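These notes are about the structure you will find just below.
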Amino acid sequence: MRLMVTGGAGFIGSNLVKELVKYGHAISVFDNLSTGKKENLVGGVNFYLGDIRDKEYLNYSISQEKPEIIFHLAAQISVSQSVIDPVTDGEINIFGTLNLLKSAVKHEVQKIVFASSAAVYGRPQYLPIDENHIKRPLSGYGITKNTAEQYISIYQNFGVDYTILRLANVYGAGQFAGNEGGVIAIFYDKLINGQVPVIYGNGEQTRDFIYVKDVVSAFMASINRGKAETLNISTGCACSVNQLFAFLKEILGKNIEAKYEDERPGDIRSSVLYNKQAVKVLNWKPLYSLRSGLTDTIDILTK
Ligand SMILES: NC(=O)c1ccc[n+]([C@@H]2O[C@H](COP(=O)([O-])OP(=O)(O)OC[C@H]3O[C@@H](n4cnc5c(N)ncnc54)[C@H](O)[C@@H]3O)[C@@H](O)[C@H]2O)c1
């Protein structure tokens with residue numbers, strides 16, 4: 001098949017591209033390399049260095065490639081940046097997505113698979129959070145992902161099918177330690193350099209950490225399944241930050257204690273996503289526990 005990945009030079013996107021290539025698909029990547037890296041690009045893939053806000057060039061790339069499916073991962077991904085500069089966040093995550101949708105209609109793209117986020121839900125009213133949970137985002141990022149989701153869903157009326165994947169906290173090799181949500185990458189970097197990581201609050205806050213290979217398999221499953229579906233992609237398991245830190249120390253054989261600092265205002269105490277709808281619809285399931293995913297990540301990083 002002819003497939004395009006926006007954000008294909010980024011952490012999740014490049015892992016997806018590497019997997020798609022194995023199946024012999026014709027792949028193109030559209031990325032402005034703002035957080036993505038050139039070295040993440042895979043040989044044999046057509047690369048368009050461009051910004052999704054640039055509608056002419058985006059349209060040109062789609063007209064050249066004529067992809068059947070576009071995996072849309074390019075985004076402004078920083079929650080704090082979305083608060084500091086909500087206009088740019090909106091321009092990339094909303095208007096960039098609209099540019100993509102308009103070109104998708106023009107060039108008869110059959111489907112968009114969209115990387116959305118658990119940030120659309122906001123503060124959990126109950127756990128685990130299912131797809132029917134109220135959406136009350138707490139940040140510009142959550143609002144723009146939510147808005148992009150809504151635009152994507154109405155473009156079905158213009159012949160573009162979709163699967164929206166609401167990702168929990170993704171981790172794995174290649175995640176930039178400076179990125180938010182990349183707590184695992186940050187801890188790893190600190191531990192490997194013999195530095196003391198900071199844990200905010202008492203460390204008993206929980207998150208649903210999903211391994212990037214399990215996220216990639218959900219994107220792959222969306223090629224043939226998930227028509228007009230919005231699905232949580234998660235492990236369904238809550239893990240505390242203390243537990244995560246203990247796993248990492250054990251796997252790396254490091255005996256460094258974390259420094260505890262005040263909880264950050266607005267931090268959510270617990271988050272875990274219900275994934276049974278994705279399991280059913282995509283015939284998919286996460287294969288990695290946090291321990292096995294971390295072990296695999298560290299194996300890759302230390303090769
Ligand atoms: N990592 C997570 O835990 C997580 C969780 C939920 C959702 N997501 C979503 O998954 C997607 C991929 O995230 P990631 O963690 O791989 O981040 P990433 O920063 O590594 O990847 C984003 C990619 O998009 C590119 N990009 C950014 N703005 C662009 C623009 N204006 N035009 C073209 N390309 C642009 C970047 O260069 C980068 O390659 C994003 O949409 C993100 O919101 C990620």
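What you see is a predicted model, and the numbers here were worked out from it, not measured in a lab. In listed order, ligands and their atoms are each counted from 1.
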*Residues that Y141 engages under ring pair (Phe, Tyr, Trp, His ring centres under 6.0 Å), provided they are two or more places apart*: none
_Taking the ring of Y260 and the ring of Y200, is the distance between their centroids below 6.0 Å?_
no
*Who gets closest to atom 22 (C) of ligand 1 by heavy atom: T35, L41, L58, I12?*
T35
*Considering only heavy atoms, which of F95, F11, F209 lies nearest to atom 20 (O) of ligand 1?*
F11
Do [X] and ligand 1 have an N or O pair less than 3.5 Å apart?
X	result
G8	no
L167	no
L73	yes
Q76	no
N169	no

Side-chain donor/acceptor of [X] to backbone N/O of [Y], under 3.5 Å:
X	Y	answer
Q175	V170	yes
S234	A168	no
H72	F114	no

For ligand 1, which atoms, with element, lie under 4.0 Å from some heavy atom of [X]?
X	answer
A115	9 (C), 10 (O), 11 (C), 41 (O)
I92	31 (N)
G36	36 (C), 37 (O), 38 (C), 39 (O)
V170	1 (N), 2 (C), 3 (O), 4 (C)
A9	39 (O)
L33	37 (O)
D51	30 (C), 31 (N), 32 (N), 33 (C)
A75	24 (O), 27 (C), 28 (N), 40 (C), 41 (O)

Is [X] close enough to touch ligand 1? Criterion: a residue heavy atom under 4.0 Å from a ligand atom.
X	answer
A168	yes
G50	yes
G96	no
H72	no
Y141	yes
S116	yes

Do [X] and [Y] sit within salt-bridge range, that is, some charged N less than 4.0 Å from a carboxylate O?
X	Y	value
K111	E68	no
K135	E149	yes
E257	K249	yes

*asked:* Tell me whether the rings of F245 and F187 are parallel (<30°), tilted (30 to 60°) or perpendicular (>60°).
replied: perpendicular
*Where does the angle between the aromatic ring planes of Y288 and Y211 fall among parallel (under 30°), tilted (30 to 60°) and perpendicular (over 60°)?*
perpendicular
*asked:* So, taking the atom named CD in Q76 and the one named OG1 in T35, what distance separates them when rounded to the nearest 0.5 Å?
replied: 9.0 Å
*asked:* Is there a side-chain contact between S82 and T144 in this structure, where contact means two heavy atoms from C-beta onward sitting under 4.5 Å apart?
replied: no
